[in-house]
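Have a look at the structure below before the remarks.
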Amino acid sequence: MNGLLSVENLQTEFHTEEGRAVAVDGVSFTIAEGSSTALVGESGCGKSVTAMSIMRLIQSPPGYIRGGRVMFDGRDLLSLGEAEMRAVRGNDIAMIFQEPMTSLNPVLTIGYQIAEALRVHRSLGKREAWEAAVRMLELVEIPDPAERVATYPHQLSGGMRQRVMIAMALSCDPRLLIADEPTTALDVTIQAQILELMEALREKTGMALLLITHDLGVVAEHCEQVLVMYAGRVVEQGAVADVFAAPAHPYTRGLLRSLPRLGGSGKRLATIPGMVPPLDRLPSGCRFRDRCESAEAACAASDPQLQECGSGRTMACPLWCELGSLAATESRP
Amino acid sequence: MSTWQRLRSNRLALSGGIVVALLAFVALFAPWLAPYDPGEFNAAEVLQGLSRQHPLGTDGIGRDVLSRMIYGSRISLLVGFVSVGIASFIGVTLGALAGYFRGIVDTVIMRFVDVMLTFPTFFLILAVIAYLDATIWNIMVVIGVTSWMGVCRLVRAELLSLREREFMIAAEGLGMSPLRVILRHGLPNAMAPVFVAFILGVAGAILTESALSFLGIGVQPPTPSWGNILTEGKDTLEVAWWLSVCPGLAILITVLGYNLLGEGLRDVLDPRLKSR
């Protein structure tokens, strides 16, 4: 499949005083035009670094993209010059960050900040851009856009600010929106509103969405494809319905099992023992081996690669591949 | 409380601000305020004491001291603002580049700052003035290019921390050029400490100019400056105390005013002290 964005064997590492830490180690995936993909995993598994690598916003030093390709619309973003890359950022690919409180510049009006992208990418005049900013605020359903456009970020609530961030990101009609935990800092009712808004806007504009989250409920509700990352690798990839119905990789199963269930038995939630190992102390063989309930002696010997298992699904655990595909077919009528 | 209200409730800052405002008024309207032409001399009225005609007396060649003091305030203000303006421009530019780009740019600029700081500034100024003409413009430039290092370090530190803030990364993520990110998003958020440093810097520059003029290598007579009025005064201290005391007091009060205003602004603009 030739998608809008195709990441091939991406490798990003950080040079620290303790040595090299490979935060993203050979990640590959494809995002189709207009689709929505979720990137899930625990904190520190490389989700954000993957997103920042696609945008080429990795701080260097200490971070370096060491290998791979990021094909976007037929061009390898990693081989673009700085100026060419700037023309992509905000214009073709836009990004929303986690903290709406700190992602807006406190000394500029929100109107200026939305208009700025348009002035840079579309070379609109001050006035046109300002009017476009008002329309963008209307699009993200902020009441009284004509008045709100001249307010400063501190005058808005968290949910409103995240709407403004979305307006900024969407102002130039990007074809891909990367949202890095866009709702983590918001309270639950606002979270739902923001996600619904993003969903509606995606349908309206036909952009593709890469949603980084650790909220599996959000994934189930809003995404078509899911990528599960663990310790810098994609360990499972597939359609959300398939993966959630029959998770194949032990890590995915662990993640899904640790979700609270409505009408649950009141027992303690299941957890995955241990933590993501530090990147400079990964176990030999399978990286998940130490925490895996079905680990065998063989797991220490070889580093499992992603392999096809089932329809359109890939997974990096040889033990469970067959069982997973089996379960997937069973779960379908 | 707004910044303005906090500033008003800070009594020292307020008195500093009043002094500064008064001085600016005097300097601006010098031609209307001065009772005499500052260069006009009258051999019949040499070294006269305080009187109704000459509220601050006259100097060695019969010029009105009050008028000279009033015109001298223009020099002080001009030197203060222009030289600190030059220093701030250099310091902010280099500091922003160093803080934003880090790496080799940072290393080169900051080592240059270190080198500049090893020079005893005043003697560097003396040496440069010895080669150049001691015009007021040269003095302002020389004070400016020897006093930007503090601002540079300040701005660098601000940008180092600002560049990690999400809105800076978000601006980059929207495709803004480094120049735009620095000018539009970085520097406006770093201005508070620069502003304080500017006000305090003016006090320093006024002192330096006075010192240079006092030593006779600053503003050249007959242009009146507080420093060279003071020089003339020191020779006649026993017979005409007002000739030394007036410019001395003027320098003292001015520098004190700027320092109080600067310190007050620092308290007011520092977010950590806001809750008080």
Side-chain angles (χ1 to χ4, degrees), chain A residues 48 51-52 54-62 82-108 110 112-122 153 161-162 164-172 174 177-181 185, chain B residues 1-4 6 92 96-110 155-156 158-196 265 268-272 274-275:
Chain A
S48 295
M52 294 298 263
I54 295 170
M55 293 291 277
R56 285 208 5 219
L57 287 175
I58 296 283
Q59 296 243 340
S60 170
E82 218 9 81
E84 288 174 296
M85 192 59 214
R86 279 204 296 276
V88 171
R89 290 186 200 127
N91 198 20
D92 293 320
I93 309 180
M95 190 161 178
I96 301 177
F97 295 88
Q98 182 173 351
E99 276 290 340
M101 295 298 171
T102 55
S103 298
L104 291 168
N105 188 334
V107 302
L108 298 173
I110 59 172
Y112 181 91
Q113 295 184 60
I114 299 170
E116 192 175 24
L118 287 160
R119 288 170 61 191
V120 168
H121 292 296
R122 295 284 140 88
R161 285 186 221 187
Q162 197 57 292
V164 171
M165 286 302 300
I166 295 174
M168 278 168 72
L170 298 192
S171 59
C172 292
L177 176 67
I178 301 177
D180 189 355
E181 308 203 20
Chain B
M1 266 204 297
S2 72
T3 306
W4 176 237
R6 277 201 305 276
V92 168
L97 292 176
Y100 185 79
F101 289 107
R102 303 181 307 170
I104 185 79
V105 180
D106 185 30
T107 309
V108 170
I109 291 175
M110 292 329 283
V155 172
R156 169 182 176 266
E158 287 289 318
L159 259 103
L160 273 179
S161 91
L162 276 170
R163 76 190 305 285
E164 309 289 334
R165 297 270 295 275
E166 279 194 308
F167 68 83
M168 294 281 281
I169 301 167
E172 247 182 283
L174 280 171
M176 310 295 164
S177 64
L179 189 68
R180 198 179 183 90
V181 173
I182 293 174
L183 288 180
R184 276 286 165 194
H185 298 272
L187 285 180
N189 282 293
M191 273 301 118
V194 174
F195 188 57
V196 171
L265 277 173
V268 165
L269 295 173
D270 189 338
R272 275 159 298 193
K274 262 180 189 167
S275 52

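Values below: all heavy atoms of this structure, side chains included; hydrogens, waters and symmetry mates excluded. Letters A, B, ... are given to chains in the order of the sequence lines, protein chains preceding strands, and every chain is numbered from 1.
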Worked verdict on B:L174 versus A:E116 for side-chain contact (heavy atoms from CB on, under 4.5 Å): CA-CA 9 Å; B:L174 280 171; A:E116 192 175 24; over 6 Å; no
Top of A:Q98, A:H121, A:M52 for chain B proximity - count of heavy-atom pairs under 4.5 angstrom: A:H121
Winner by heavy-atom pair count (cut-off under 4.5 Å) against chain B, out of A:L104, A:L108, A:T102: A:T102
Minimum heavy-atom distance between B:P188 and A:V107, given as atom pair plus value: CB-CG2, 3.6 Å
For the student: nearest non-hydrogen atoms of B:P178 and A:R86, plus distance: CD-NH1, 3.4 Å
Heavy-atom proximity to chain B below 4.5 Å, by part of A:A87: neither
Part of A:A83 within contact of chain B (heavy atom distance under 4.5 Å): neither
When B:A170, B:G173, B:A171 are compared by non-hydrogen pairs under 4.5 Å with chain A, the top option: B:G173
Among the listed options B:R165, B:M191, B:M168, B:E164, the residue most often paired with chain A at heavy-atom distances under 4.5 Å: B:E164
Heavy atoms from other residues, nucleotides or ligands near CZ of A:R161 exceed 12 (cutoff 6.0 Å): yes
Crowding at CZ, B:F101 (>12 non-hydrogen neighbours, <6.0 Å): yes
side-chain contact (heavy atoms from CB on, under 4.5 Å) evaluation trace for B:F167 with A:Q113: CA-CA 10 Å; B:F167 68 83; A:Q113 295 184 60; 5.5 Å; no
Residue pair A:Q59, B:R163: steps toward the side-chain contact (heavy atoms from CB on, under 4.5 Å) verdict: CA-CA 10 Å; A:Q59 296 243 340; B:R163 76 190 305 285; 2.7 Å; yes
Minimum side-chain heavy-atom gap A:P106-B:N189 below 4.5 Å: yes
Between CD on residue B:E172 and CE on residue A:M85, distance to nearest 0.5 Å: 11.0 Å
